[in-house]
Peer 1: 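First the structure, then my questions, so here it is.
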Amino acid sequence: MKNLELKNRDLEVLWHPCTQMKDHEVLPLIPIKKAHGVYLEDFEGNSYIDAVSSWWVNLFGHTNKYINDKIKEQLDTLEHVMLAGFTHEPVVRLSERLVKLTPDGLEKCFYSDNGSSAVEVALKMSYHAHLNDGKKNKTIFVSLSNSYHGETIGALSVGDVELYKDTYKPLLLKTIQTPVPSDLSIKAAQDAAYEFEELCKEKADEISAIILEPLIQGAGSMHMYHTEFLVLVREICNKYDVHLIADEVMVGFGRTGELFACGKANITPDFIVLSKGLTAGYLPLSVVLTTNDIYAKFYCNYNEHKAFLHSHSYTGNALACACANATLDIFENDNIIEKNRVIAKYMGDSLQKFLELKNVESIRQTGMICAINLKGYAPELRIGLKVYNYGLEKGVLLRPLGNVIYFMPPYIITNEEIDKMMNTAYDAIKLLD
Ligand SMILES: *Cc1c(COP(=O)(O)O)cnc(C)c1O
């Protein structure tokens with residue numbers, strides 16, 4: 001098999017995500033034959049460092065032996081059983097562990113199978129919890145400007161990235177966006193919290209929840225803000241009876257330097273949404289954790305019609321749960337959060353040299369994510385695409401978000417591989433000039 005052969009067969013029958021398919025008349029589609037560690041390998045033996053963790057999901061490298069073994073073990077025991085009326089050991093064990101590891105007070109786990117559907121679960125639960133409390137008017141969700149929460153209709157409604165949202169606006173729920181802190185400073189956090197409180201003063205009777213990506217807005221070009229904002233939003237939510245939904249789909253499982261971003265700010269949201277890293281990049285699984293207080297609002301005799309009648313066919317899939325348990329084993333056994341601090345420091349140090357480049361405007365880092373803003377190239381120039389193509393040529397998978405180049409590698413990356421990843425981006429940016 002050759003790269004070209006598979007590419008041609010692909011384009012006959014596939015429609016790829018987030019892609020103008022016509023681009024593939026000129027843009028290479030990369031067939032991947034196999035992968036190991038941070039490397040993806042094609043059919044002609046070229047390999048690529050996966051510097052974006054395969055769309056932010058991979059934590060411990062591809063075909064990780066420990067995870068592979070655990071999934072194989074589960075495969076011969078129980079692959080799946082429906083979770084209504086039934087249960088199994090991997091899902092119970094995973095839930096016990098998540099309750100322990102997430103911020104204090106999150107006590108119940110509700111499963112789903114991707115980030116967007118879990119966001120939908122959290123939104124519906126929030127509205128429904130208020131309704132069960134007799135508050136019928138809390139029908140509006142607030143989110144931050146520049147936010148991203150997925151692409152199903154409800155999740156898209158609380159998002160604010162035009163590229164994904166604009167076309168579908170006539171279909172979406174009515175939501176309100178309050179400003180995200182403009183930078184990493186405490187002052188920006190306080191200013192944005194002030195705006196949110198002003199909104200609550202006026203409209204809290206109609207607001208069910210605020211949903212936000214704690215500390216880093218991923219698809220919003222890796223925009224970062226201070227933990228103080230989370231602390232203030234938590235206080236405001238308490239004061240105005242508004243739920244706080246923390247969408248940790250991207251930042252969860254160590255990306256910010258702590259296991260969970262809310263833990264870094266020392267707050268407990270009413271709902272935390274987890275997916276991506278939950279299975280270390282192997283299998284689709286997501287979960288919403290909430291408090292016993294919220295759970296209790298749905299607990300009554302069947303005929304009172306307060307139950308949360310939401311389901312997905314693959315809710316709590318046993319293979320995915322076994323994989324998530326293996327992921328948590330690695331965090332526990334290999335001291336990952338500690339090791340990540342060392343890797344993050346090395347990445348942060350290497351990042352400084354980008355400031356030498358004339359076309360670099362700014363750099364920033366939170367934990368295991370580094371980002372570089374390039375100076376205002378017009379969108380039509382598709383600068384990101386040029387960097388992407390250059391990276392592939394040199395064996396590094398970079399996937400810029402417009403004029404923002406970022407690094408979000410698996411946690412097993414070595415210093416040597418970081419050097420290659422960063423140097424390739426450096427050369428690519430230099431060549432743009
Ligand atoms: C990726 C992402 C989602 C959506 O998850 P999918 O599994 O792609 O549906 C939601 N929220 C955030 C913050 C994300 O990064």
Side-chain angles (χ1 to χ4, degrees), residues 16-19 52-59 102 110-126 141-161 163-165 168 172-173 175 177 180 209-225 229-230 233 244-256 260-262 264 269 271-289 310 312-315 317 320 323-324 327 366-369 371 399-402 404 406-408:
H16 288 262
C18 204
T19 301
V52 298
S53 296
S54 284
W55 257 357
W56 317 346
V57 294
N58 192 290
L59 301 187
T102 50
F110 190 100
Y111 289 88
S112 158
D113 36 36
N114 59 70
S116 304
S117 68
V119 164
E120 305 278 345
V121 165
L123 297 175
K124 283 176 71 179
M125 257 186 197
S126 165
F141 295 103
V142 174
S143 62
L144 301 184
S145 56
N146 189 49
S147 59
Y148 179 88
H149 298 289
E151 295 179 44
T152 54
I153 299 285
L156 200 59
S157 301
V158 286
D160 188 43
V161 177
L163 182 64
Y164 311 119
K165 185 169 186 175
Y168 304 104
L172 303 182
L173 303 174
T175 63
Q177 276 67 53
V180 66
I210 179 169
I211 180 167
L212 48 77
E213 297 156 273
L215 306 187
I216 309 170
Q217 294 184 314
S221 299
M222 299 296 163
H223 181 73
M224 299 175 186
Y225 61 84
F229 183 65
L230 298 178
V233 167
L244 173 54
I245 303 173
D247 176 354
E248 295 219 19
V249 169
M250 186 204 74
V251 294
F253 300 98
R255 280 293 166 193
T256 65
F260 299 107
C262 285
K264 204 166 173 177
F271 303 89
I272 193 168
V273 184
L274 305 173
S275 186
K276 294 199 167 104
L278 175 59
T279 56
Y282 268 69
L283 287 163
L285 182 70
S286 59
V287 60
V288 175
L289 282 96
H310 181 106
H312 295 286
S313 313
Y314 282 105
T315 299
N317 174 261
C323 177
T327 305
T366 298
M368 291 294 287
I369 302 180
R399 204 171 192 277
L401 294 155
V404 175
Y406 68 92
F407 306 101
M408 188 170 168

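Here the structure is a predicted model, which means the values were calculated and not measured. Both ligands and their constituent atoms are indexed starting at 1 by order of listing.
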Peer 1: Side chain to side chain contact (heavy atoms under 4.5 Å, CB included) with Leu274: which of Val249, Val251, Thr102?
Peer 2: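 Only match with Leu274 under side chain to side chain contact (heavy atoms under 4.5 Å, CB included): Thr102.
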
Peer 1: How about Phe110: does its CZ atom have over 12 heavy atoms from other parts shown lying under 6.0 Å from it?
Peer 2: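 Atom CZ in Phe110 is crowded, with more than 12 foreign heavy atoms closer than 6.0 Å.
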
Peer 1: Can you check whether Ile272's main-chain N or O pairs, donor with acceptor, with Glu248's side chain at less than 3.5 Å?
Peer 2: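 No; zero donor-acceptor contacts below 3.5 Å.
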
Peer 1: Looking only at side chains, do Asn146 and His223 share a donor and an acceptor under 3.5 Å apart?
Peer 2: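 There is no such pair between these side chains.
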
Peer 1: List the atom of Thr279, the atom of Ala320, and the distance in Å for their closest heavy-atom pair.
Peer 2: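 Closest approach of Thr279 to Ala320, heavy atoms only: CG2-O, 3.7 Å.
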
Peer 1: Among protein heavy atoms, which lies nearest atom 12 (C) of ligand 1, and at what distance?
Peer 2: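 Protein heavy atom at minimum distance: Asp247 OD2, 3.4 Å.
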
Peer 1: Starting from atom 7 (O) of ligand 1, which protein heavy atom do you reach first, and at what distance in Å?
Peer 2: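 The closest one turns out to be Gly115 N, 2.8 Å.
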
Peer 1: Does at least one non-hydrogen atom of Trp56 fall below 4.0 angstrom from an atom of ligand 1?
Peer 2: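 Under 4.0 Å: yes for Trp56.
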
Peer 1: Side chain, backbone, both or neither: which applies to Val249 and ligand 1 if a contact is any heavy-atom pair less than 4.0 Å apart?
Peer 2: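 Side chain only.
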
Peer 1: Looking at non-hydrogen atoms alone, which of Met250, His149, Lys276 comes nearest to atom 14 (C) of ligand 1?
Peer 2: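 Looking at heavy atoms only, the winner is Lys276.
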
Peer 1: Where is the nearest protein heavy atom to atom 8 (O) of ligand 1: which residue, which atom, and how far?
Peer 2: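 Nearest protein contact, heavy atoms only, for atom 8 (O) of ligand 1 is Ser116 OG, 4.5 Å.
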
Peer 1: Donor-acceptor pair, distance only, cut-off 3.5 Å: does the side chain of Glu120 make one with the backbone of Ala155?
Peer 2: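 Between the backbone of Ala155 and the side chain of Glu120 there is a qualifying donor-acceptor contact (under 3.5 Å).
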
Peer 1: What atoms of ligand 1 come closer than 4.0 angstrom to any heavy atom of Gly150?
Peer 2: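 Contacts of ligand 1 toward Gly150, numbered from 1: 4 (C), 10 (C).
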
